[in-house]
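Heavy atoms only: backbone and side chains are in, while hydrogens, waters and symmetry mates are out.
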Amino acid sequence: MIKGNDSVGENAPNAPVSVGAENSSSPAAEKGSLSFLDKLLLDSDEFINDNDFSKLEAERLEHLVDQVDDFGVEMVSRVVTLSDDAGMPVITFRYFLIATLLSLFAAFLGQIYYFKPQGLSISAFFLIIFSFFFGKLLAAILPKGILNPGAFNKKEHALIVITATTASIAPLASELIAAMELFYDTQLPAWLGFLIVLSSQFVGYGFAGFFREILVFPKETFYPTVLAQVSVYENLHNGDGLSKKMARYFFIVAGCVFCYEWLPQYMAPTLIGISIVCLSTKSLKSTVVTMLFGGSNAYEGLGLFSFCFDWNTLSGFTPMLLPWSTIVNLSIGVAVGIIALPLIWFNNVWNAQSYPFLGLGIYSPGGETYNQTAVLDSSNNVNFTAVEEVGLPGLTGSYIFYLVMSNMAITAGFTHIMLYHGKDVFTGIKNTFAKKGSSTNMDPYYLVMRKYKEVSVSVYIGLFILFAAIGLFVTVYSGSGLDWYLFILAIALSGALVLVDGFITATTGLGVLAGQLVQMIGGFIKPGAPVANMYFTLFGSNSCYQAVYMLTDLKTGQYMKLPPRATFFAQMYGAFIGAVTSYFVTTSIVSNNFDVLLSLYGNTQWNGGGVQNYNSNAITWGGFAQQMYGPGAPYSLVLYSFVIGFFIPIPAFVLHKYFPKVGFNLVNLAILAEFCGMMCTGIASLYFGTILIGCFTQFYMRRYHPNVFNKYQYITSAAFDAGNQWCALFVALIVGGAVGTAIPFPKWALNPDTTYGIYFSDYCYNAANDIGN
């Protein structure tokens, strides 16, 4: 049992700023104060006695060094407490009420904005703040008793947010359902569509159970982006003076960011990327200058020395949460990309000059947008006779480089894991099937959770088998054209990718993008079949992503001392609400806005760009994989890069063995390769800004002002994200056209006319708008 924690926890001189000591007297006493549901979550045989807890707390305190390590693992000891109050009610009436309402709200909003011209996402920090005040209100107004067991606590709070965030993730299956109705004249029956959504997600949740001993329980898999949320929970709910001060600091910073973000998000979009070079060479009207230094618009340029003052853009990579090792690899990758992409363009590699410098579209041999409908037969398979007349589609040189680097990143990630963490992986596999109490995992944060009953591996296996069987049934029954053995291959591929994507996410804060690789493999093994490729990609990549989402939530549960069975239930409950909501929202929007979603630009209320791009990728990869990427094909390096990636981490590993003090172990080729290619996507000022913030916080502040860094880093990042997300919601709802008519801000110096003007918002030259050029 955990008690007497004040002597080693809260009052210790080096205790983390967000520690809250919760004391109880005995297992029986703790269980006696709980509801029937909460009692089912405890295992009284596994309570840790006072002496063992003191040893674990002493071990935690040993890691409270002034300067956190380059990988960021030691930051966990400063943010996460070992103290726990098992008597806190978790599954309560308040939980069900708030979690259900927020899940419906988040799932509805998340899905509806997939079909909106305005972008809007519901972040965890939005849900944290909203649910905090909602929970406090219910605790104040509900009658005491079964409806109101007392103060709204941090465990209830965290479980509510896990449920709502799970529901808010728009499933890839909804895109498939929309594409089938819009482009293939196939309206799936409601029961079949719902089972497709549900099975593609729950197969991933089944995978998550296999990887807990590898990707959740060990100390090394610490999920850096989760620590900011934990810091907020602790400081909002702890009653001591320091936590009240930090909570006040959080709300002040969030409020300031909320007010400021109206500038870049609405009134002054030039702040998204300020290019000193473009401003100083404006009169030259140089496309080369734009290519290298433009960075405020998507696909504008590489954003070299473009300064971003918009947290909505910068938060894409959570720069304050990434460890120094990740910042180093990201920076090297960006530098290589800035050098490689112009070389590809100016040397006309892959016929790059026939297409735009940056872009992810597909083009005809003459450089126009590729006419996909001209090469499909009545069954929506590729007509290769028509292809001979129209020609194969072409891709930008930057996109080919992106595909090459992304493929390398995935296989390099596998090799990196095996070289540096292979022993941990095999130990985790052994522990997965070990008998109760025989696990060799000695991480203190895992040991203090053994008082709670775990979800057994057999439950996850049953979940996986059930929904894999359902997925196979709906794939065959729907007439997808995907053979049963290819479905099994997709599932197996997804499981392998969980290890790579999950481990990279857990240790660096960034994942790898597996969707393109899965689509390419599907295109090779089932050529000329776009619909079959959609299904292969759905179960080969979406199941992987869902597993990683669940693993992240399980780690949050471990940090917050949530009973694992409660976390598991919250994820299942949220996923079910999200699946039902997303399916009915998708089918309703598609049925009522069919023609609008098929049009190129949509209207002010609805836009089908997302599902159009999804269908285009299926046709490109599912229809032309062998002709475009196979041996001897124009882009065959994309295929070979998958093999090359297995070998590129080996030199750094060997150098680290011979020169262990140099820091070659900081090199992670998965992250480095990923960011080499990513320069062709999105708003480029994001990358330069992320590097600057990362160097300032993770290098300068961490090394030279460690006390300030340790105390304020994560709570500040959380406040920035919360303020930004609330501002984004208000901008979208009030002036962005999400509700009613959009209200554009008047044009001025920091809000130039980019629709008809010859300059982008950062005053880099836009040749496409210069009619007289």
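Under the ring pair (Phe, Tyr, Trp, His ring centres under 6.0 Å) criterion, Phe699 pairs with Trp324, sequence neighbours left out. Partners of Phe346 by ring pair (Phe, Tyr, Trp, His ring centres under 6.0 Å), not counting sequence neighbours: none found. The side chain to side chain contact (heavy atoms under 4.5 Å, CB included) test applied to Ser717 returns Met320, Leu321, Asp721, not counting sequence neighbours.
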Point to revise | side-chain contact (heavy atoms from CB on, under 4.5 Å) between Tyr402 and Leu513, intermediate numbers included | key: CA-CA 11 Å; Tyr402 165 72; Leu513 301 177; 3.3 Å; yes
Check your understanding: Can you list the steps and then say if Tyr249 with Thr716 is a side-chain contact (heavy atoms from CB on, under 4.5 Å)?
Key -> CA-CA 8 Å; Tyr249 169 80; Thr716 301; 2.7 Å; yes
Point to revise | Verdict with supporting geometry, Asn407 and Thr411, side-chain contact (heavy atoms from CB on, under 4.5 Å) | key: CA-CA 7 Å; Asn407 281 358; Thr411 48; over 6 Å; no
**Study point:** Worked check of disulfide (SG to SG under 2.5 Å) between Cys764 and Cys278
**Key:** CA-CA 5 Å; Cys764 293; Cys278 285; 1.8 Å; yes
**Study point:** Ser641/Met408 under side-chain contact (heavy atoms from CB on, under 4.5 Å): CA gap, chis, key distance, verdict
**Key:** CA-CA 5 Å; Ser641 62; Met408 281 189 185; 3.9 Å; yes
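Taken to the nearest 0.5 Å, the CD1 atom of Ile332 stands 9.0 Å off from the CG atom of Leu666. From Leu263, atom CG reaches atom CG of Asn751 across 11.0 Å, with rounding to the nearest 0.5 Å. Atoms CG and CD, on Asn668 and Glu674 in that order, are 11.0 Å from each other to the nearest 0.5 Å. With rounding to the nearest 0.5 Å, the separation of OG1 in Thr270 from CH2 in Trp748 is 8.0 Å. Rounding to the nearest 0.5 Å gives a distance of 4.0 Å between NE2 of His656 and CG of Asn665. For the atom pair CG (Leu227) and CD1 (Ile715), the distance works out to 12.0 Å, reported to the nearest 0.5 Å.
You'll find the side chain of Thr290 stays beyond 4.5 Å of the side chain of Asn766, heavy atoms only. Residues Tyr635 and Val404 fail the side-chain proximity criterion, which asks for heavy atoms closer than 4.5 Å. Between Leu750 and Met267, every side-chain heavy-atom pair lies at or beyond the 4.5 Å cut-off. Put simply, the side chain of Thr505 does not reach to within 4.5 Å of the side chain of Leu510, judged on heavy atoms. Contact annotation: the side chain of Leu497 approaches that of Ile410 to within less than 4.5 Å [non-hydrogen atoms, C-beta and beyond]. Between Ser685 and Ile272, the closest side-chain pair of non-hydrogen atoms falls below 4.5 Å. Residues Thr415 and Phe647 have side chains not in contact (no heavy-atom distance under 4.5 Å, counting atoms from C-beta outward). Using a 4.5 Å heavy-atom threshold, the side chains of Tyr765 and Leu284 count as separate.
In this structure, a donor-acceptor pair under 3.5 Å is absent between the side chains of Thr754 and Ser761. Checked by atom type, the side-chain pair Asn351/Ser354 shows a donor-acceptor distance below 3.5 Å.
Taking the ring centroids of Tyr704 and Phe709, they lie at or beyond the 6.0 Å cut-off. The aromatic ring centres of Tyr266 and Phe745 sit less than 6.0 Å apart. Between Phe357 and Trp345, the ring center distance clears the sub-6.0 Å criterion. Not less than 6.0 angstrom separates the ring centroid of Tyr629 from the ring centroid of Phe524. Between Tyr687 and Phe317, the gap from one ring centroid to the other is short of 6.0 Å.
Taking the six-membered ring where tryptophan is involved, the planes of Phe646 and Phe642 are perpendicular, since the angle between them exceeds 60° and thus also 30°.
With Asn593 contributing its side chain and Ile589 its backbone, the two residues share a donor-acceptor pair below 3.5 Å. With Tyr260 contributing its side chain and Asn724 its backbone, the two residues share no donor-acceptor pair below 3.5 Å. Asn329 places a side-chain N or O within 3.5 Å of a backbone atom of Ser325 that can act as its donor or acceptor partner.
Environment of CZ in Phe730: sparse, with no more than 12 heavy atoms of neighbouring residues, nucleotides or ligands closer than 6.0 Å.
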